[in-house]
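Heads up, the thing below is written out as structure tokens.
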Amino acid sequence: MEAKLEGKRWSKDFEEPIRAEWKKNKVYAFVPDAKKPVFSIDTPPPYVNAPIHIGHATVYTIMDIIARFRRMTGFNVLFPIGLDRNGLPIEIATERKFNIKLSETPREKFIEFCKKTLDESSTESLHSLYMLGHSYCSWELGKTPGSMYYTDSDDYRQMTQETFIDLWNKGLIYLDERVNNFCPSCKTTIADSEIDYKEYPTMFSEVRFKIKGTSEYATIATTRPELLCSCAILLFNPEDERYKHLEGKTAIVPIFGQEVPIKAHPYAKMDAGTGLMMMASFGDYTDIRFFRENNLEPIIAIGADGKMNEKAGPLKGLTVGDARKKVLELLREEGALGEQEKLMHRTPVCERCKTPIEFIAMPEYYLKQLDMKDEIRDVSKKISFYAPESKRILDNWIDTISMDWAISRRRYYATELPIWYCENCGEVIVPPKGKYYRPWKENPPIEKCPKCGGTKFKGDERVFDTWFDSSISPLYVLNYPHDKGFFENSFPCSLRPQGKEIVRTWLYYTVLRCYQLTGKPVFQDTWIHYHVVDEKGNKFSKSAGNAIDPMEIIDKYGAEPFRLWAVLEGDITRIDLRCSFERIEGASKFLTKLWNVSRFVSMFPQDADGYELTPSDRWILGEMDKLARYAKEHFYEYDFHEPVQMIKHFIWETFASHYIEMAKNRAYNQNGDFSEQEQKGALYTLHTVLKTILKIMAPVTPFITQKIYRDVYGGDIHKKAFPEGSEDEPELPFSKDDVISFNSAIWKAKKDNGLSLKNPVKKVVAPKNLEILEKELKLMHGIEEMEFGEELSITL
RNA sequence: GGGCUCUUGGUCUAGUGGUUAUGACGCUGCCCUCACACGGCAGAGGUCCUGGGUUCAAUUCCCAGAGAGCCCACCA
């Protein structure tokens, strides 16, 4: 009797040969097969960021579990890995890494530096995913379904541009003014995430406005007097008795003379300044929002050069700082300046040069979405959400959208807008589809302007918002650019996994864009996950210093305990998972248990002919079938936590502790207490249960189940069908709890009396419904005399 | 400030209008039992956030409050 498994425990060293084989033999390659339905997973491309975030490692692992499960249930699984490599974070990482500035580096050069940054971190990220045992269809870039892809490839960018061209032709894109953050020192627009806040001393000045038609004055307080020329309205709090009488009256702006209404609005705080505030375009974000929400026409007084323009009258040509000094002088001369107070002001500044930023209106391209809110609400109803409650994150977001989507950015490392302008007449030229365009360094595909016949063109220098690229990943995954037939047959995409914090961007934009392009819901299902946080419930982040590199975990424990932890720890569609080395180590104990149960079973031959099942066999097989049915049902709904927890419990608390202990004597049958048929019944049952639980666990723990299955039974477990679980419930007079409580009582009695478990028991009166198990129970516990009645009694 | 979510032993968590409120980790004590000491057994530990309401009965349903988290917006 020798176990077919060596060693007392699972070792992480068993993983690498298995992993390497999967990759080398392209075991999970996508091969089109008309007989099998396609299950496609639009793996949101993880933003290239090395080392990968522990949360990424976790959710991509759960996606892998989903993919592996679906393969075992007969789907042809399309599970590509893509890397999102466009956008601001890459640029910032590059600036830091090479100590350069985007605004001072030639575009071509800057892009080269970005590529260097990307190549290094992409390699590292992919290695981590490989180590985790993920079964992506391919680890190589390519154009066939299932290939790995980069969102900054010419191919992907071409698709992005083509969808823009389609939307342009549909009339869904338009040009309008948008307020950008502008750094007057860097002379460039900067993104919201490049803004810092700093406390700066500033002068809080009272300014007196004349009330039209009266001799009264209204006094406001402001830190931005240079913006008086763009003042559009005065506000006071609706609760503020001091100003109620001004409601509906008109004030005259000093120096500039424009007439502005006075209104009650909760934005005005009674205890701030005089309680009366001016709303100008634009001093800060509140102003921008207020103008937008109230449909006020902004007066833009600061130009793209950071200087006051003609709207600022006497301040024209001055920088903001100089204009402020000058306007205060003018106000003083006019007698409109009241008290002044120095205060610290939290000012938005450019992250790099610390210069206070200005808000400057610039023309930008917009994608229409406001008119479509109802339609988007309707298509999103056709997408199933897991967990269902998560749908409201999307619904709430759609409710709050108040403007169209500005899609152009003044940046370098992203997809270029495919637009040229005729230098003669200004005609906007959008090229035909079929090529990846770089208008900032290329000529348009036409010789003459279709409108005026001019021959000189200027390429647009802007790029798209990163979401404009990533929101079409399902189209790319379904091979939209290369094989329209495959695309048509496979649409919609089966599943989008998605972090809850980016439902409002990634998921929303994907649903919007794909609806605009196809008129249909893009996904069948979407799986919304929460976060992985540290032991105390705090976010993991590099800046907080608590980040864990998944490679650390893999080096220490291997991938398998981590994979198991990811589903055992909790249901990530409902709660944040708390991650710690301790908990992952805890998960590895179950692997040891599974290993040893398998080792025990593997000692016995699997000669199935002529077996006879005893009641205990039928009982455990029934329990196992119940569990298999439960697991399959729940796995289909992306619920792995509950079933895996139940399987763990089943293996540990039921199968190992009770069934194996009961069946042991029969399996060995050293004294010939049982017939050969009964002995074979035990062997059949042990192997059947083991094979079944290995298959159920295979998607979650692909390494250990592969290794055990191969060593004991031969063959690739991942190519087997997922267990169905028979519907036939065995009819038995006893339940699981009856068995467990009987055995526990005997063990406890021996323990309490300081006896070894091997010690025989003189007499036991057991519950009547266990009579059917008499022989096995007697041998298991060494019971000399056994009777059955109402009450349990044990005589040692 | 707006929206959403949450609050259950030391920690994390399940769950319920009605006996004794689930499990895990941790803690304490005991035990080599022929697959497993990375194992087994036993034990301690709770005002189910606070206040009010509905009800024969509330940890559960309703209202208010406090606290936490997330997303959005951020002080003229």
Taking N or O atoms only and anything under 3.5 Å, show me the protein contacts with nucleotides 26-33 of chain B, one pair per line.
from, atom 1, to, atom 2, distance (Å)
B:U33, O4, A:Lys751, NZ, 3.1

Between the side-chain atoms of A:Lys748 and the base atoms of B:C41, is any donor-acceptor pair under 3.5 Å?
no
What integer number of Å spans the C1' atoms of B:C49 and B:C6?
11 Å
Considering just the side-chain nitrogens and oxygens of A:Lys500, establish if one lies under 4.0 Å of OP1 or OP2 belonging to B:C6.
no
Is any side-chain N of the basic residue among A:Asp555 and A:Lys12 closer than 4.0 Å to the acidic one's carboxylate O?
no
With a 4.0 Å cut-off on heavy atoms, is A:Ala656 in touch with a base, just the backbone sugar-phosphate, or nothing at all?
base
A:His634 side chain to A:Asp639 side chain, donor-acceptor N/O pair below 3.5 angstrom:
yes
So, OP1 or OP2 of B:C6: does either fall under 4.0 Å of a side-chain N or O from A:Arg574?
no
P atom, B:U47 versus B:G9: distance in rounded Å?
8 Å
Between C1' on B:G23 and CZ on A:Phe590, what's the gap in Å once rounded to a whole number?
16 Å
Length of the NZ-P vector between A:Lys648 and B:C36, whole Å:
21 Å
Whole angstroms only, please: what is the CD-C1' distance between A:Glu569 and B:U11?
12 Å
Across the strands shown, which category fits A:Tyr530 at heavy-atom distances under 4.0 angstrom: base, sugar-phosphate, nothing?
nothing
Take the protein atom NE2 of A:His658 and the nucleotide atom C1' of B:A35, then report the distance between them rounded to whole Å.
16 Å
Distance in angstrom units between A:Glu653 CD and B:G23 P, rounded
11 Å
Between B:A35, B:C25, B:C71, spot the one nearest the side chain of A:Met603, thanks.
B:A35
Touch class at under 4.0 angstrom, heavy-atom based, for A:Lys8 against every strand present:
sugar-phosphate
Closer to the 5' end of RNA chain B via nearest nucleotide, is it A:Glu642 or A:Ser744?
A:Glu642
Check the angle between the aromatic planes of A:Trp405 and A:Tyr509 and answer parallel, tilted or perpendicular using the 30° and 60° thresholds.
parallel
Any idea which of B:A35, B:C38, B:G39 is nearest the A:Ser588 side chain?
B:C38
Tell me every residue that passes salt bridge (Lys or Arg N to Asp or Glu O under 4.0 Å) with A:Glu585, counting only those two or more places apart in sequence or in another chain.
none
C1' spacing across the pair B:U11 / B:C27, given as an integer number of angstrom:
12 Å
Which of the following nucleotides, B:C38, B:A14, B:A35, is nearest to the side chain of A:Lys593?
B:A35
Do the ring planes of A:Phe14 and A:Trp595 sit parallel (below 30°), tilted (30 to 60°) or perpendicular (above 60°)?
parallel
With sequence neighbours left out, write down each residue that passes side chain to side chain contact (heavy atoms under 4.5 Å, CB included) with A:His531, or none if nothing qualifies.
A:Lys500, A:Glu501, A:Val533, A:Asp576
Touch check for A:Arg578, heavy atoms < 4.0 angstrom, all strands: base, sugar-phosphate only, or nothing?
sugar-phosphate
Who pairs with A:Arg583 by salt bridge (Lys or Arg N to Asp or Glu O under 4.0 Å), at least two apart in sequence or on another chain?
A:Glu569
Report the distance from atom OH of A:Tyr508 to atom P of B:C4, rounded to the nearest whole Å.
20 Å
On a whole-Å scale, what distance lies between the C1' atoms belonging to B:A21 and B:G45?
14 Å
Take atom P in B:G23 and the same atom in B:C62, then report the distance between them in whole Å.
28 Å
To the nearest Å, give me how far apart CH2 (A:Trp397) and C1' (B:G2) are.
13 Å
Considering only B:C71, B:A35, B:C25, which nucleotide approaches the side chain of A:Arg504 most closely?
B:C71
Taking only residues two or more places apart in sequence, or in another chain, which ones meet A:Lys778 in a side chain to side chain contact (heavy atoms under 4.5 Å, CB included)?
A:Glu774, A:Ile783, A:Met786
Using a distance-only test with no angle check, is there a side-chain donor-acceptor pair under 3.5 angstrom linking A:Ser616 and A:Arg666?
yes
NA contact type, A:Trp652, heavy-atom cut-off 4.0 Å: base, sugar-phosphate, or nothing?
sugar-phosphate
With heavy-atom distances below 4.5 Å as the criterion, would you say the side chains of A:Tyr508 and A:Val503 are in contact?
no
Please confirm whether the shortest side-chain N or O distance from A:Trp747 to OP1 or OP2 of B:A42 is below 4.0 Å.
no
Could you summarise the pairing of RNA chain B as dot-bracket text, marking Watson-Crick and G-U pairs under 3.5 Å with ( ) or [ ] inside the strand and | across strands?
(((((((..(((.....[....))).(((((.......))))).....(((((..]....))))))))))))....
Hey, is A:Glu389 close enough to A:Lys391 for a salt bridge, meaning N to O under 4.0 Å?
no
Using the P atom in both, what is the distance from B:G39 to B:G51, to the nearest Å?
43 Å
Taking the nucleotide of RNA chain B with the closest heavy atom to each, which residue, A:Arg9 or A:Arg599, is nearer the 5' end?
A:Arg599
Would you measure the distance from the P atom in B:C71 across to the matching atom in B:G15 and give it in whole Å?
25 Å
Measuring only the P atom in each nucleotide, how far is B:C41 from B:C25? A whole number of Å is fine.
12 Å
Grab the CD-P distance between A:Glu389 and B:G3 for me, whole Å please.
21 Å
Quick one: are A:Tyr659 and A:Leu686 in side-chain contact, heavy atoms under 4.5 Å?
yes
